[in-house]
Amino acid sequence: MSLKVYNSLTREKVNFTPINAPYVGMYVCGPTVSGESHLGHARPFITFDVIFRYLMYLGYKVRYVRNITDAGHFEEEGREAEDKISKKAVLEKLEPMELVQKYTNLYHWAMSRFNNLPPSIEPTATGHIIEQIAMIKKIIADGYAYVANGSVYFDVEKYNADFSQKGQPYGILSGRILDDQLETTRELENQEEKRNRSDFALWKSAAPGHIMRWQSPWGEGFPGWHIECSAMSTKYLGEEFDIHGGGMDLQFPHHECEIAQSTVCNHKMPARYWLHNNMITINGKKMGKSYNNVIRLTELFTGDHPALTQAYHPMTIRFFILQSHYRGTLDFSNEALQASEKAMKRLWEAYYWLQQSDIKGGATAGDAALDNKVKRLVDEFDECMNDDFNTAKVLANIFELVSVINSVKDKHIPAETLAGSTVELLRKQLKAYIEDIFGLQSDRVADDGKLEGVLQLLMDIRKEAKGRKDFVTSDKIRNELAALGVQLKDEKDGGMSYTIN
RNA sequence: GGUCAUGUGGCCGAGUGGUGAGGCACAGGUCUGCAAAACCUUAUACGGCGGUUCAAAUCCGUCCAUGACCUCCA
């Protein structure tokens with residue numbers, strides 16, 4: 001039973017073998033901090049966070065590198081080349097780095113709300129200009145890039161011609177054939193500097209108005225988008241590392257260009273396994289700026305958006321994302337998120353009850369069939385994750401276990417139905433998966449126990465009131481606590497429990 | 001136009017050719033001072049048409065539909 005991952009490069013599920021076990025290097029393309037993150041951005045970061053956590057669970061020592069793009073990309077496409085970040089900074093009357101800092105902070109805040117672990121290294125593009133320039137120099141020296149008017153372009157045609165023979169044509173990842181692209185690419189303006197349309201910029205000369213600019217051997221300018229990832233992944237993970245991740249929309253051109261750059265510099269395919277998450281859609285359409293259907297994370301958390309009927313907790317979104325496989329599209333809707341919200345609640349109640357209860361199980365199983373079923377469901381967690389991180393299947397199993405737990409809780413089946421060892425296994429693996437691997441967190445207050453004590457007191461008073469059929473008092477306690485977001489529930493044997501929303 | 005995906009019940013979503021994952025919603029029931037929760041039961045499905053097979057949601061062909069990428073994009 002070993003981990004299999006779907007490698008976009010070969011388009012098949014393959015065994016995962018680290019280059020230098022137990023060490024694993026993983027690079028994931030991070031955000032461009034020129035604006036607020038939206039729901040779509042949440043997916044890769046949650047997906048790869050779970051992958052990061054699972055690799056550690058398997059015992060690997062993982063160095064997880066996720067960059068921050070803060071240098072600003074150039075835009076072409078009929079517009080004047082311009083630095084996105086500095087343009088917006090002018091509009092907002094901010095220093096570019098102030099803008100970058102603002103959105104970086106927001107991004108980090110959102111990541112922690114999602115309970116994503118911080119990556120091992122989070123390098124910034126602006127902090128690695130020197131490395132990028134060094135890499136560009138090397139590419140020029142090898143003859144795969146040329147200088148034009150202070151800008152440097154990668155010569156895709158030459159690369160493709162030379163490396164096709166070595167079995168690594170340009171387009172190897174995305175399946176694109178360069179010749180087709182040449183025929184079908186739209187007519188672009190301001191392309192006269194490039195020898196071919198498919199050439200991409202390694203370095204862009206900065207127009208006089210540009211605020212973000214650096215000295216280079218080719219004049220003042222700023223780095224192209226693709227080179228930062230190549231420079232930083234090489235610096236921190238080496239010329240060849242294990243996993244490169246990101247959204248499917250980055251396959252082309254971004255990752256394709258990274259492959260070309262790194263291959264020229266290091267004579268190696270940079271990463272062995274290329275993992276790509278699919279998009280989050282809304283009404284069947286990808287969520288993205290160009291579609292004008294973006295729901296920002298701040299809006300999602302507050303519910304302040306026309307498309308939202310309510311606010312959603314970050315954990316609801318995390319759960320929602322884990323309920324589908326990362327390579328499939330996932331369609332956003334209020335109904336779907338509300339379903340996730342309820343499912344999560346159900347999960348927490350069963351989970352906390354089990355962790356806090358003192359049930360021990362029997363010396364042997366009272367019902368071997370059920371006991372075996374529980375063991376099987378738990379054992380399958382790892383198998384599901386080993387099958388290209390099938391979090392949806394793990395959750396399905398967990399919910400089957402929730403039913404069993406609830407049956408024990410309600411005494412429909414006695415605790416001795418399960419063997420003590422099975423109960424322990426269940427406790428241990430549910431914790432490992434729900435908290436450690438899936439990174440789900442409940443809002444259950446982790447204070448010093450004062451609130452817990454107060455609530456217990458209220459529940460005791462309510463119990464006494466009920467005992468003397470003083471339902472006015474007992475309902476008052478329940479209703480007023482409910483108004484504060486604390487839900488009381490009567491249990492079958494006269495006990496009581498609470499949930500905090 | 002090129003490349004690559006996808007089409008599963010009211011909704012969201014797994015799925016290894018053979019006894020209908022799971023979640024939410026719905027219906028009936030149990031429990032309950034009431035409520036909520038929980039539990040039990042039941043229902044609804046694999047885009048169309050062919051083919052392979054004893055057997056297909058699962059394999060093959062074809063058609064239809066949708067989406068992504070080809071331009072910044074998670």
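We name chains A, B, ... by the order of the sequence lines, and we start the count at 1 in each one.
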Just N and O in the side chain of A/Lys489: are any of them under 4.0 Å from OP1 or OP2 of B/A35? no
Sugar-phosphate only, base, or nothing, as touched by A/Asn397 at under 4.0 Å among non-hydrogen atoms: nothing
According to a strict under-4.0 Å criterion, is A/His412 in side-chain N/O contact with OP1 or OP2 of B/C39? no
Phosphate-side-chain proximity, A/Asn277 and B/A74, N/O vs OP1/OP2 below 4.0 Å: no
Over all strands shown, is A/Leu330 touching base, sugar-phosphate only, or nothing at heavy-atom distances under 4.0 angstrom? sugar-phosphate
Report yes if the ring of A/Phe399 lies under 5.5 Å from the six-membered base ring of B/G23 with planes under 30°, and no otherwise. no
Taking NZ, NE, NH1 and NH2 as the nitrogens, is one of them in A/Arg376 or A/Glu380 under 4.0 Å from a carboxylate oxygen of the other? yes
Identified pairing partner of B/G7, criterion: Watson-Crick or G-U wobble below 3.5 Å: B/C64
Could you tell me whether A/Arg176 sits above the aromatic face of A/Phe252, with NZ or CZ closer than 6.0 angstrom to the six-membered ring centre and within 45 degrees of the axis? yes
Counting any heavy atom closer than 4.0 Å, what does A/Asn479 reach on the DNA or RNA strands: base, sugar-phosphate only, or nothing? nothing
Can you tell me if the side-chain N/O atoms of A/Ser403 get under 4.0 Å from OP1 or OP2 in B/C39? yes
Under a 4.0 Å threshold between the charged nitrogen and the carboxylate oxygen, would A/Glu383 count as salt-bridged to A/Lys393? no
Base, sugar-phosphate, or nothing for A/Gly288, non-hydrogen atoms under 4.0 angstrom? nothing
Considering only B/A74, B/C34, B/C70, which nucleotide approaches the side chain of A/Asp249 most closely? B/A74
Pair A/Phe438 + A/Phe381: ring centers closer than 6.0 Å: no
For B/G7 and B/C12, measure between their C1' atoms and round to the nearest Å. 15 Å
